[in-house]
Amino acid sequence: MNALVTGARGFAGAWLAKALLERGGEVVSVDHGRPERPFSALGLLGIDDDVVDVEGELADGELIASVIRDHGVEAVFHLAAETIVGSVAASPVRGFETNVRGTWNVLEACRAEGVERVVVASSDKAYGAHDELPYREDFPLLPTAPYEASKAAADLLARCYWPSYDLPVAVTRFANIYGGADLNFSRLVPEAVCAALDGRAPVLRSDGSPERDFLYVEDSARAYLAIADALDRDEVRGQAFNAGGGRPHAVGEVASLVVRLAGSDVEPEVRGEGNPAGEIDRQYVDATKLREATGWKPEVELEEGLRRTIEWYREHPEVRPR
């Protein structure tokens with residue numbers, strides 16, 4: 001199928017674009033101006049020339065609609081977003097403009113053009129903090145921080161387009177996605193991997209105790225495709241779906257595992273106390289609903305995923321921060 005991926009120059013979007021290309025059909029990317037850094041995830045995965053690259057803003061709804069028309073787009077995967085919790089907290093209006101207004105512009109373009117399948121990336125952060133774990137899709141969304149609120153708002157907007165406008169749409173609430181070609185080194189895994197490979201101590205912004213659920217990036221791409229493939233069924237339309245790695249891991253445990261797998265003798269450097277401000281202490285999703293609806297389940301365990309990630313960065317020393 002011909003597909004539009006918003007944010008395809010980003011980490012998860014590029015791996016999704018790669019998976020779509022492997023299935024055949026045209027893949028179109030809509031993203032804002034090219035990043036200042038010399039690398040893009042699309043280029044690092046070797047598919048830059050295979051993806052039709054359209055430069056534009058999500059605020060331009062007519063541009064999105066024209067891309068859908070001109071390229072015969074059958075499926076839209078909306079991944080473009082402000083994704084860093086701290087950045088959205090520092091500039092909430094920018095986060096809301098991108099994550100909320102950008103989402104309704106994409107949805108309106110899809111509605112106007114009669115797109116057959118729409119998948120919108122929400123987040124496990126949309127749940128906010130719950131005492132009961134793991135998160136299930138029927139839990140209320142209880143955001144308390146700007147990033148959480150922006151993803152919860154986009155989540156609710158997207159899901160209302162099925163009962164209100166018959167737009168075949170579903171939302172994803174995925175755990176922390178990790179893997180090669182992630183150039184955002186404020187995230188735990190790429191920072192820890194690159195530090196260990198370069199003989200530096202991975203830096204922990206917490207005391208190492210917060211727990212996160214980790215999803216290998218190729219498993220995330222398969223989950224996006226599984227949901228899109230199932231959108232011809234009414235019981236999938238208008239629904240939210242979790243996907244995660246199967247169990248939570250303390251961030252200190254993950255950093256230590258990275259160091260061991262990389263063959264380094266450094267120790268993680270703890271620079272925080274407790275959990276960083278504005279972030280949730282424990283997160284873990286139940287992916288039963290997605291498995292029952294599509295048969296999807298994670299194929300790559302954390303240790304194997306980290307091995308693959310370490311090998312990717314070992315083979316791409318040019319992207320590692322200096």
Side-chain angles (χ1 to χ4, degrees), residues 6-7 12 58 77-89 91-108 110 118-165 167-177 210-215 220 223-224 227 230-231 235-245 248 275-294 296:
T6 70
L58 296 181
F77 298 85
H78 176 44
L79 276 65
E82 292 284 343
T83 61
I84 303 303
V85 172
S87 297
V88 177
S91 302
V93 172
R94 177 180 174 182
F96 298 152
E97 287 282 351
T98 301
N99 295 355
V100 186
R101 184 189 295 273
T103 297
W104 82 55
N105 280 335
V106 171
L107 291 166
E108 279 294 282
C110 291
V118 183
V119 180
V120 173
S122 180
S123 169
D124 60 348
K125 309 298 186 293
Y127 287 110
H130 288 263
D131 292 333
E132 182 183 352
L133 291 173
Y135 298 151
R136 297 189 306 275
E137 290 86 351
D138 59 358
F139 279 20
L141 304 183
L142 301 174
T144 59
Y147 176 76
E148 299 165 19
S150 73
K151 299 306 285 187
D155 188 308
L156 291 166
L157 279 171
R159 286 186 289 129
C160 84
Y161 269 69
W162 168 241
S164 298
Y165 305 115
L167 182 70
V169 60
V171 304
T172 66
R173 298 174 185 161
F174 288 176
N176 292 268
I177 301 171
E211 293 183 348
R212 297 289 183 266
D213 193 355
F214 293 89
L215 178 64
S220 78
Y224 281 121
I227 293 167
L231 274 170
E235 65 269 24
V236 173
R237 295 168 173 174
Q239 295 295 307
F241 294 94
N242 293 334
N275 195 46
E279 296 197 15
I280 298 166
D281 188 49
R282 298 183 67 236
Q283 296 171 297
Y284 169 35
V285 300
D286 181 347
T288 300
K289 181 178 177 181
L290 179 57
R291 184 180 68 249
E292 292 179 346
T294 70
W296 178 93

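A search for side chain to side chain contact (heavy atoms under 4.5 Å, CB included) contacts involving Ala154 returns Thr103, not counting sequence neighbours. In terms of the side chain to side chain contact (heavy atoms under 4.5 Å, CB included) criterion, residue partners of Leu157 (sequence neighbours excluded) are, by chain and number, Val100, Trp104, Leu107. Judged as a salt bridge (Lys or Arg N to Asp or Glu O under 4.0 Å), and not counting sequence neighbours, the contacts of Glu235 are Arg233. Contacts of Thr172 classified as side chain to side chain contact (heavy atoms under 4.5 Å, CB included), with partners at least two apart in sequence or in another chain: Val119, Ala121, Phe174, Tyr224, Ile227. Residues passing the side chain to side chain contact (heavy atoms under 4.5 Å, CB included) test with Thr288 are Asp286, Arg291, Glu292, sequence neighbours excluded.
Distance check, rounded to the nearest 0.5 Å: CD1 of Ile177 to CG of Leu79 gives 7.5 Å. Atoms OG1 and NZ, on Thr294 and Lys289 in that order, are 11.5 Å from each other to the nearest 0.5 Å. Between the OH atom in Tyr135 and the NZ atom in Lys125 there is a gap of 8.0 Å [rounded to 0.5 Å]. Taken from CG in Asn105 to OG1 in Thr98, the straight-line distance is 11.0 Å, to the nearest 0.5 Å.
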Discussion item. Checking Arg173 against Val285 for the side chain to side chain contact (heavy atoms under 4.5 Å, CB included) test, could you report, in this order, the C-alpha distance in whole Å, the side-chain angles of both residues, the deciding distance, and whether it holds?
Written reply: CA-CA 8 Å; Arg173 298 174 185 161; Val285 300; 5.8 Å; no
Worksheet item: Given His78 and Val118, is the side chain to side chain contact (heavy atoms under 4.5 Å, CB included) satisfied, shown in steps?
Response: CA-CA 8 Å; His78 176 44; Val118 183; 5.7 Å; no
Worksheet item: After noting the C-alpha distance and the side-chain angles of Tyr161 and Glu108, does the key distance pass the side chain to side chain contact (heavy atoms under 4.5 Å, CB included) rule?
Response: CA-CA 9 Å; Tyr161 269 69; Glu108 279 294 282; 2.7 Å; yes
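With hydrogens and angles ignored, the 3.5 Å screen pairs no side-chain donor or acceptor of Asn176 with any backbone N or O of Phe214. Distance alone, capped at 3.5 Å, places no donor-acceptor pair between the Asp124 side chain and the Gln283 backbone. In this structure, Arg237 contributes its side chain and Ala230 its backbone to no donor-acceptor pair below 3.5 Å.
Looking at every heavy atom in both residues, Gly102 comes nearest to Leu58 through CA-CB, 3.8 Å. Listed here is the closest heavy atom pair of Pro143 and Ala152: CG-CB, 3.9 Å. Pro146 and Pro92 get closest at one heavy-atom pair: CB-CB, 4.2 Å. In plain terms, the two heavy atoms of Ala293 and Phe241 that are nearest each other are CB-CE2, 3.9 Å. When every heavy atom of Leu290 is checked against every heavy atom of Ala243, the shortest pair comes out as CD2-CB, 3.9 Å. In terms of heavy-atom proximity, Arg212 sits nearest to Asp281 at NH1-O, 3.1 Å.
Between Phe139 and Tyr127, the two ring planes are perpendicular [angle over 60°; tilted spans 30° to 60°].
For the pair Val169/Arg159, no side-chain contact is recorded, criterion being any heavy-atom separation below 4.5 Å from C-beta on.
For the salt bridge (Lys or Arg N to Asp or Glu O under 4.0 Å) condition, the pairs that include at least one residue of residues 134-144, sequence neighbours left out, are Glu132-Arg136, Arg136-Asp138.
Neither side chain, Glu82 nor Tyr147, offers a donor N or O lying under 3.5 Å from an acceptor on the other.
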